[in-house]
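I have placed the structure first, in the form of structure tokens, so that the comments after it can refer back to it.
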Amino acid sequence: MVAWGLQVFDSLDSTNEEIRRQAEAGAAEGLAVLAKQQTAGRGRRGRAWDSPPGNLFLSLLLRPKASPAEAATLSFLTAVALLEALDLAAVPAKLTCKWPNDVLVNGAKIAGILLESRTGPDGALGWVTVGIGVNLAWHPSETPYPVTSLAAHGIGVTPEDFAQWLLARYGYWYGRWQAEGFAPVRAAWLARAQGLGQPVVVRLPDTELQGRFVALDDSGALLLELPDGRRQTVTAGDVFPVG
Ligand code: BTN
């Protein structure tokens with residue numbers, strides 16, 4: 001079981017950046033960094049992540065004995081741990097996960113996950129930082145997709161309390177992932193996946209695919225059953241329900 005060592009900062013540029021600094025200086029697996037606000041929070045695809053006080057900004061340092069491809073499945077583990085931490089907050093709404101790594105409350109995004117890693121010149125994994133942002137007190141407006149927060153559901157939780165719930169659920173799932181691999185995490189993720197078994201459209205940068213979302217493969221890629229019955233593996237894209 002990973003032993004978490006939590007450091008709390010009033011303000012940081014980015015908790016992922018602080019983990020990177022400490023990882024490069026030799027920090028051990030289990031370092032967890034919580035910032036009350038971020039001045040340069042990072043989102044996926046080079047986007048900024050608004051980081052005002054009251055929300056959760058947490059990053060974890062992991063040094064798994066795994067290949068970079070295996071470590072990529074940690075994003076699904078993170079979504080499962082987040083769903084279970086949100087269960088502890090007793091959110092009176094439906095909690096689901098959306099491929100590849102969104103966590104939704106009644107279909108609206110409440111959390112973001114950003115994995116960053118360092119591989120050595122031999123291609124071996126050095127470290128992974130798992131960055132997690134949760135809209136506890138505030139959520140942005142004017143986003144291209146629906147977003148929400150715990151406060152919008154009438155729930156008040158401090159970042160410190162939520163971090164403790166999340167670290168506990170993360171520790172449990174990370175232990176299973178180390179001992180048993182991706183399979184149990186994949187099953188837990190699929191049990192709460194939005195759109196499983198349903199017709200979906202996958203938007204790719206220059207095209208889109210329609211089919212039925214039937215499973216995840218061993219690497220976490222989405223398996224789509226096309227109208228002609230063939231199966232297509234999807235490794236990137238945005239998934240939306242059809243109809
Ligand atoms: C996304 O775009 O959905 C991912 C957002 C990830 C934000 C978190 S907040 C804590 C950690 N530090 C960062 O700079 N980013 C991640």
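Counting convention: from 1, in listed order, for ligands and their atoms alike.
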With clusters built from Ile, Leu, Val, Met, Phe, Trp and Tyr whose side-chain heavy atoms come within less than 4.5 Å, directly or transitively, what are the remaining members of the cluster of Phe9, listed by chain and number? Leu12, Ile19, Leu31, Val33, Leu61, Trp127
When you compare the side chains of Glu160 and Gln164, does any donor N or O come within less than 3.5 Å of an acceptor on the partner? no
At a 4.0 angstrom heavy-atom cut-off, ligand 1 is contacted by Ser14, Thr15, Asn16, Gln38, Gly41, Arg42, Gly43, Arg44, Trp49, Phe57, Leu58, Ser59, Lys109, Gly112, Ile113, Leu114, Gly131, Ile132, Gly133
Quick one: closest heavy-atom pair of Ser219 and Thr73, and the distance? O-CG2, 3.7 Å
Count I, L, V, M, F, W, Y as connected when their side-chain heavy atoms are under 4.5 Å apart, and connections chain through other members. Are Phe76 and Val202 then in the same cluster? yes
Report yes or no: do Glu18 and Ser59 form a side-chain donor-acceptor pair below 3.5 Å? no
Angle class for the Trp177/Tyr174 ring planes (parallel below 30°, perpendicular above 60°, tilted otherwise)? parallel
